[in-house]
Amino acid sequence: MTNHWIDYQNSDVFINIGLNTAENHPVSMKWIEKAQKENDAKLVCVDPRYTRTAAVSDLYVSMRPGTNVAFLSGIINYVLENEKYNEDYIKNFTNASYLIDPEFDFQDGMFSGAADVNGRIAYDTESWSYQYDDEGNIKKDESLEDPSCVFQLMKDHYSRYDISTVCEITGSPEDKYEELCQLYTDTGAPEKAGNIMYAMGITQFTHGSQNVRSIAMLQLLLGNMGVAGGGVNAQRGQSNVQGACDTGMLFHLVPGYMGVPRAELHPTLADYLEMETPESGYWKNTPDFFVSLLKAFYGENASEDNDYCYDYLPKMDDKDRSHIGMFNEMKKGGIDGLISWADNPAVSGPSAGDQREFMGELDWLISVDLFESETASFWKEPGVDSSEIKTEVFLLPAALHVERDGSITNSGRWIQWRHQAAEPPEDAKSDLWIADRIFKSVRELYEEEGGVKPEPIVEMNWDYGEKPDPELVARELNGYRTEDKELVADFTELAEDGSTAAGSWIYSGYYADDENPATMKREPETEGIGGHHDWSFSWPLNRRIIYNRAGADPEGNPWNPDTPVIWWENGEWQRNDVPDFDASVPPEETAESPFIMLPELQARLFAPGLAGGPFPEHYEPWESPIENMISGTQFNPAVREWYPDQRAGVGSEEYPYVATSYRVTEHYQTGILTRNMPWLNEAMPDLFVEISPSLADDMGVESGDEVVVSSPRGEIEAAACVTPRIKPFSVNGSEVEMVGIVWHWGYAGMSTGPVANDLAPSIGDPNTTIPEYKAFLCDIRKGGE
Ligand SMILES: Nc1nc2c(c(=O)[nH]1)N[C@H]1C(S)=C(S)[C@@H](COP(=O)(O)OP(=O)(O)OC[C@H]3O[C@@H](n4cnc5c(=O)[nH]c(N)nc54)[C@H](O)[C@@H]3O)O[C@H]1N2
Ligand SMILES: Nc1nc2c(c(=O)[nH]1)N[C@H]1C(S)=C(S)[C@@H](COP(=O)(O)OP(=O)(O)OC[C@H]3O[C@@H](n4cnc5c(=O)[nH]c(N)nc54)[C@H](O)[C@@H]3O)O[C@H]1N2
Ligand SMILES: [Mo]
């Protein structure tokens, strides 16, 4: 999130797109309702079905699953055609005026530079470059009129997304869609703040990254970034999913959002630093952060002479290490053992039935969990012959989050400490304790027995005490001077000469007082736009609204004087937040450089770095009932198809319905936590799928009847819930019916049911590989016969 939940009280209009705030993110709902009730703010809900969020919204607009790019592109086109953008903002703060290589082109759904590499489109991005003058400066046209400038290219690209074309694709009612366009684009007025919130109904697609990009572009055009009540706000998932990403849980990143080194590209530390460090922008400090990370990992063993033990760090090879890629490798017998830690892929993974089968190729599997999940018990799933499975399975009982100390980081980037409230039962131990034991035992084995390469383990810096102390982990995350172990005050103190160590640079400063982070006193609140800087710590630097230079105009006047973030007055910067720029200089020196994390220092309306294209383009999901109406390119050409034979073809007669999947309040994820609670099972006892009254009529089923849902990957039985909250979509003149699937069940625990993900396809976004859980094809028929 660029902003945070309490800041929602400053928003004028919200778009809730691809998430169900009322059910899945109830804490933020409170601040939306405050804005609605006290400031007459408007909430728009965009969702294929009428949710509980829709029920409290001021405007609900439906859309067919998997058409978010078209939906958002229509709003962008509306902004451009009706000149709703904040002109000052886009001229000064974005790359709207940059000239792009004249070779750049877009034809029939494909950008210039497309080349077929092993059956998949990999773009050569040379023609997506900026034009440079002789001195190496980017060429610009401040009038925004040059046909090669980003603004004109955008107008051209988006002119195809007029309201009626968009609604033909998305199946949205035109009147509601137009109402949304008007209401939301009014936040292009400088004093208005529009807030776009999203979650899995935006990301879980073969074009998920481009969906997010579309949101960012819309917010930039309207001048909604950096202001109070604005922002691009991903309501993150599980309570600490933000913290997990910050500390390196993603397969392609090390802690602090630096890329995992690649064997081929980065054989030495010097290669890595040279290629990964841009010449301008804040990332030019990458060497300080990366070397400090190596010092945290390898301690005194890391020195300049040995490249700070860079060779010990695992490197990425040409294998795909994403979830789908890992299971594909498992299928081929390429993986001996799996530690499934607080994870239940037997239910949560795409084409989960196949993934459970692939687990049988493992020699061993360790599940670290509170309960025996479907993953831990995959070998005794009903219908499976256990004698055929060679995998040895270990179950390590873990403590629940209230049974241990530690921090979690919420969607607003707030790092908050939690104290242990109860002792874990019996043998259950905290995850830190378990990790510590495993590490120390493995290290002991390497010390005693040697091995092919013991050094990366034996020389690792690992010292959190006998009974590992989470505060020592916190200390390391914060960072310290290696000489005297004194904590660094913030990441500006980190250095590339080995004199500092830091486990995740963005966290530097959160533990700096060496006090308990829960009770630490922070800067007092100033003017009061709801920053609450004295409560918890928000990375980076306790800044609550990032890119906040863009919250004031080039001269330093706040766009909205009622909710100023940082503004220039009486010859100095006044602040309601921690400045995201050099506040020792007057406004004119930062007027054209508010987006400090990019080398251009200005935000990208045109993004040359993204797989799939510099502008988002509508493609149908991998499986779709219709041909792409806007170009001849059916689905995102940049995706990797793992199992093409598992795809239902365009307009498939066998699988004519669009399936989507979602959550209910009463259950959590794969259900292991909640299906072991009798009272929650009573509230929500069985797996069900939601269908429209018209589809139910066609099928001759009523609510409560058993139905069978099938896809090329598998088949499940569920109870039908017939509800007018679901309606068919009118798409290009024909009706498309949707099947809404709740996915919280499996065969383990107290309440059992089929695994909905046996239906979902193993296909993902080319940038993130997040699977397309929210738009695929299925059939549904009456069951129990
Ligand atoms: N009670 C409860 N709360 C949870 C969780 C839980 O399991 N239970 N899980 C947590 C986690 S890890 C996460 S990631 C979040 C997820 O939070 P959300 O993203 O809010 O969760 P979902 O219910 O999966 O999906 C949200 C909505 O997307 C809609 N949708 C489907 N396809 C599309 C589409 O193409 N476009 C649009 N605009 N909408 C679409 C669905 O109808 C659904 O209402 O919730 C967190 N909170
Ligand atoms: N069809 C479909 N599939 C989806 C999604 C969807 O929207 N639709 N959403 C996806 C998303 S966003 C997510 S986040 C994933 C979630 O997928 P998973 O992470 O696999 O699902 P969880 O149920 O959260 O599983 C976590 C396991 O951790 C255990 N656990 C809980 N607390 C602790 C703890 O403190 N320590 C340990 N060691 N274990 C603990 C739980 O008991 C549970 O068994 O599912 C994905 N799958
Ligand atoms: Mo999630």
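Order of appearance sets the numbers: ligands from 1, and atoms from 1 within every ligand.
- Close contacts between ligand 1 and H744 involve ligand atoms 7 (O) [criterion: under 4.0 Å to a heavy atom].
- In terms of N/O distances under 3.5 Å, ligand 1 is not approached by T67.
- Interface of T660 with ligand 1, defined as ligand atoms under 4.0 Å from a residue heavy atom, comprises 31 (C), 32 (N).
- Remark: ligand 1 and I17 share no N or O pair separated by less than 3.5 Å (distance only, no angle test).
- Considering backbone and side-chain atoms alike, R64 places every N or O at 3.5 Å or more from each N or O of ligand 1.
- Of the heavy atoms in N24, both backbone and side-chain atoms come closer than 4.0 Å to ligand 1.
- Contacts between Q235 and ligand 1 below 4.0 angstrom, taking non-hydrogen atoms only, are absent altogether.
- Of all the listed residues (I672, D369, T375, V742), D369 holds the heavy atom that lies closest to atom 27 (C) of ligand 2.
- Taking all heavy atoms of E772, H323, Q669, R675 into account, the minimum distance to atom 24 (O) of ligand 2 is reached by Q669.
- Remark: minimum distance from atom 1 (N) of ligand 1 to any protein heavy atom is reached at T665 O, 3.1 Å.
- Selection from N344, L759, D431 by nearest heavy atom to atom 38 (N) of ligand 2 gives D431.
- A distance of 4.5 Å separates CE of M197 from OG1 of T21, quoted to the nearest 0.5 Å.
- Within ligand 2, the atoms closer than 4.0 Å to a non-hydrogen atom of K774 are 6 (C), 7 (O), numbered from 1 in the order shown.
- If you number the atoms of ligand 1 from 1 as listed, the ones under 4.0 Å from a heavy atom of H667 come out as 1 (N), 2 (C), 6 (C), 7 (O), 8 (N).
- Considering S411, G237, A54 only, the shortest heavy-atom separation from atom 10 (C) of ligand 1 involves G237.
- Using a 4.0 Å cut-off between heavy atoms, R49 contacts ligand 1 through its side chain alone, with no backbone atom that close.
- Atoms of ligand 1 lying under 4.0 Å from any heavy atom of G66, numbered from 1 in the order shown and given with element: 34 (C), 35 (O).
- Residue contacts with ligand 1 leave out Y773, since none of its heavy atoms falls under 4.0 Å from the ligand.
- Residue contacts with ligand 1, taken as heavy atom pairs separated by less than 4.0 Å, involve V664 solely via the backbone atoms N, CA, C and O.
- Ligand 1 does not have E666 within reach: every non-hydrogen atom of the residue lies 4.0 Å or more from it.
- When non-hydrogen atoms are compared, ligand 1 lies under 4.0 Å from the side chain of F205 (C-beta onward) but not from its backbone.
- Between atom CG of residue N628 and atom CD1 of residue I626 there is a gap of 7.0 Å, rounded to the nearest 0.5 Å.
- In this structure, H667 has its ring center under 6.0 Å from that of W745.
- Contact annotation: A775 has no heavy atom less than 4.0 Å from any atom of ligand 1.
- When the options R663, R236, Q238 are ranked by their closest heavy atom to atom 16 (C) of ligand 1, first place goes to R663.
- Counting heavy atoms under 4.0 Å from ligand 1, residue M63 touches it through the side chain alone.
- Every atom of ligand 1 is numbered from 1 in the order shown, and the set under 4.0 Å from a heavy atom of V46 is 38 (N).
- In terms of protein heavy atoms, atom 34 (C) of ligand 1 is closest to G201 O, 3.4 Å.
- Taking every heavy atom of N20 and a limit of under 4.0 angstrom, the matching atoms of ligand 1 come to 20 (O), 26 (C), 44 (O).
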